Amino acid sequence: MPRIAIIGAGIAGATLAHRLTASGFTVDLFEKSRGTGGRLASTRLGQFSADLGAPYLDGCSSEFERFLNGFIEMGVVETWSTTGSDFSLTQHHPIDYKVGVGRNSLFTRELLKGATLHTETRIGVVWSDKQGVLIRDDQGELIDYFDAVVVAAPAPQAVPLLETSPRFAHRAEQAATSANWVALFQLDQRPSRLEGVSVIDGEHPDFYRIIVESDKPGRDGVLIRVEMREYWSESHIDDDRELLLQTIQEMLSDWLGESLDPTASKIHRWLYSRTLQSAQLTEPLWDAELSIGACGDWINEPGLEGAWKSANELADVIIDSFNAAGTLA
Ligand SMILES: Cc1cc2nc3c(=O)[nH]c(=O)nc-3n(C[C@H](O)[C@H](O)[C@H](O)COP(=O)(O)OP(=O)(O)OC[C@H]3O[C@@H](n4cnc5c(N)ncnc54)[C@H](O)[C@@H]3O)c2cc1C
């Protein structure tokens with residue numbers, strides 16, 4: 001059975017692992033963080049879970065919808081029927097989102113069930129030679145040789161890993177990403193301004209989105225998530241975390257019109273939060289000679305669905321390529 005290494009356990013890497021294991025490949029997935037999900041990661045705050053990356057599994061194509069519906073049937077994803085508003089809070093509207101049961105990262109865990117997952121393993125080198133494709137960790141230690149390696153990291157982190165294929169590295173360099181600060185506040189009581197509304201987005205100079213995370217199905221407590229705007233985040237990119245958390249808490253208190261006294265709080269900096277400009281590639285990045293590929297939200301379509309699509313398109317090409325070589329039983 002062909003052995004494939006995938007670098008990155010975000011939705012792209014996890015989807016690719018899911019497709020390849022289902023087609024008979026042996027998949028090893030290497031992730032530098034402690035958990036899975038990448039920019040779909042979740043975290044704990046006190047005794048509660050909260051989504052720290054993309055807050056919901058949104059997409060628009062019927063294919064993505066069908067794919068997610070399969071996970072609803074499995075009890076891994078569920079529909080969150082809730083109420084949204086703009087920042088004026090004058091007009092509430094009903095909205096439906098798909099979210100992971102309990103937390104979004106559970107969804108990537110499920111996708112990875114057939115693969116061997118190596119967390120807290122940062123890959124430093126991918127190199128193709130006569131014996132296959134080798135990977136080394138960031139200390140230079142040889143991990144192993146594989147029949148193929150796929151880089152499923154955000155574009156800036158993919159560039160050094162694609163060194164063996166300068167053409168691919170150059171493509172990754174063409175993508176542009178933005179940074180983003182996300183803060184979480186656990187409260188004893190729901191602020192009165194947030195009564196009857198769970199998702200606030202739209203026009204605001206500093207806030208991008210405010211979500212009452214604890215309103216998601218099966219979540220407890222009162223947990224507010226604040227996503228700052230890109231320009232605000234970029235202008236505070238290297239600021240002290242504790243001071244920033246305090247600043248965001250004060251901004252939120254001002255907007256809510258009441259002083260907040262969180263029982264727990266947390267801040268996270270996403271250096272490569274969203275892909276603003278993809279490499280606009282209409283074909284999957286796969287080099288059959290080197291046995292190296294890449295997928296993710298920077299290939300063609302930004303966002304969760306774009307990452308998912310790029311992994312599926314790459315899976316089709318890899319499966320065809322190994323089938324044609326007669327190495328897939
Ligand atoms: C706060 C926030 C809100 C968002 N909101 C939305 C939204 O509303 N709608 C939407 O469509 N999208 C949204 N996005 C973007 C969406 O989350 C991403 O486009 C998508 O998750 C990207 O998936 P991916 O698999 O391509 O990359 P990632 O999820 O980034 O996965 C890549 C993984 O590779 C790992 N990695 C990197 N380098 C290495 C290495 N050297 N060795 C090992 N592992 C490595 C990383 O740790 C990461 O886990 C949001 C993102 C953030 C952060």
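Everything numeric in this text was worked out from a predicted model, so none of it was measured. Every number for a ligand or one of its atoms is a count from 1 in the order of the listing.
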Notebook entry, point to check: Does at least one non-hydrogen atom of E120 fall below 4.0 angstrom from an atom of ligand 1?
Noted result: no
closest protein heavy atom to atom 1 (C) of ligand 1 is N180 OD1, 3.2 Å
Ranked by distance from atom 25 (O) of ligand 1, the top protein heavy atom is A12 N, 2.9 Å
Near I7 (heavy-atom distance under 4.0 Å), the atoms of ligand 1 are 40 (C), 42 (N), 43 (C), 44 (N)
Of all protein heavy atoms, the one nearest atom 19 (O) of ligand 1 is D297 OD2, 2.7 Å
Ligand 1 atoms nearer than 4.0 angstrom to some heavy atom of S33 are 47 (O)
Which of T263, L194, V212, L260 passes side chain to side chain contact (heavy atoms under 4.5 Å, CB included) with L187? Answer is L260
(Q) I'd like to know if K216 and E78 make a salt bridge, using a cut-off of under 4.0 Å between side-chain N and carboxylate O. (A) no
Residue-ligand contact A158/ligand 1, heavy atom below 4.0 Å: no
Rounding to 0.5 Å, atoms CG (L271) and CD (Q157) come to a distance of 8.0 Å
- prompt: Do the side chains of V76 and V101 get nearer than 4.5 Å, heavy atoms only?
  reply: no
Ligand 1 atoms nearer than 4.0 angstrom to some heavy atom of V182 are 1 (C)
Exercise. Could you tell me how the ring of Y56 sits relative to the ring of Y97: parallel (under 30°), tilted (30 to 60°) or perpendicular (over 60°)?
Key: parallel
When every non-hydrogen atom of V99 is compared with those of P217, the smallest separation belongs to CG2-CD, 4.0 Å
Does ligand 1 have any atom sitting under 4.0 Å from a heavy atom of P55? yes
Worksheet item: Mind checking whether A54 has an N or O less than 3.5 Å away from an N or O of ligand 1?
Response: no
Next item on the list: Please work out whether the ring planes of F87 and F207 are parallel, tilted or perpendicular, with thresholds of 30° and 60°.
Entry: parallel
Q | Cationic tip of R193 above W255 ring, under 6.0 Å, 45° of axis | A | yes
*asked:* Under 4.0 Å between a side-chain nitrogen and a carboxylate oxygen: does that hold for D297 and R274?
replied: no
Is the count of non-hydrogen atoms from other residues, nucleotides or ligands lying under 6.0 Å from N69 atom CG greater than 12?
yes
Review point. Is the closest heavy atom of T36 to ligand 1 under 4.0 Å?
Key: no
Short version for T121: what comes under 4.0 Å of ligand 1, heavy atoms counted, is backbone
**Asked** Below 3.5 angstrom, do we get any N/O pair linking R274 and ligand 1?
**Response** yes
Atom 44 (N) of ligand 1 sits nearest the protein heavy atom K32 N, 3.1 Å
among protein heavy atoms, the one nearest atom 34 (O) of ligand 1 is G8 CA, 3.1 Å
Note: ligand 1 atoms sitting under 4.0 Å from heavy atoms of G53 are 1 (C), 2 (C), 3 (C)
Looking only at protein heavy atoms, what sits closest to atom 49 (O) of ligand 1 is E31 OE1, 2.6 Å
Check your understanding: Can you say whether the rings of F71 and H18 are parallel (under 30°), tilted (30 to 60°) or perpendicular (over 60°)?
Key -> tilted
Heavy atoms of S321 and A288 approach each other most closely as OG-CB, 4.3 Å
Closest to atom 5 (N) of ligand 1 (heavy atoms only, candidates Q157, H118, R122, R209) is R209
If you compare L271, I123, V125 by their heavy atoms, the one closest to atom 41 (N) of ligand 1 turns out to be I123
Here the atoms of ligand 1 under 4.0 Å from any heavy atom belonging to G37 are 29 (O)
Near G296 (heavy-atom distance under 4.0 Å), the atoms of ligand 1 are 26 (O)
Distance col, row I135:CD1 vs L161:CG, nearest 0.5 angstrom, shows 9.5 Å
- Message: Do the side chains of R269 and D239 get close enough for a salt bridge, i.e. N-O under 4.0 angstrom?
- Response: no
Per-atom filter on ligand 1: closer than 4.0 angstrom to a heavy atom of A153 are 32 (C), 34 (O), 37 (C), 38 (N)
- request: Please say whether L304 places an N or O atom under 3.5 Å from an N or O atom belonging to ligand 1.
  value: yes
Mind checking whether G13 has an N or O less than 3.5 Å away from an N or O of ligand 1? no
In this structure, atom 15 (C) of ligand 1 is nearest to the protein heavy atom S273 O, 3.8 Å
**Prompt:** Hey, is E213 close enough to K266 for a salt bridge, meaning N to O under 4.0 Å?
**Reply:** no
Discussion item. Is the distance between the ring centroids of W232 and Y208 under 6.0 Å?
Written reply: no
To the nearest 0.5 Å, atom CD of E250 lies from atom CG of L245 at 10.0 Å
Ligand 1 atoms nearer than 4.0 angstrom to some heavy atom of F30 are 43 (C), 44 (N)
At under 4.0 Å between heavy atoms, what of R225 touches ligand 1? The answer is side chain
_Proximity flag E305 to ligand 1, non-hydrogen atoms under 4.0 Å_ = no
Atom 28 (P) of ligand 1 has as its nearest protein heavy atom R39 NE, 3.6 Å
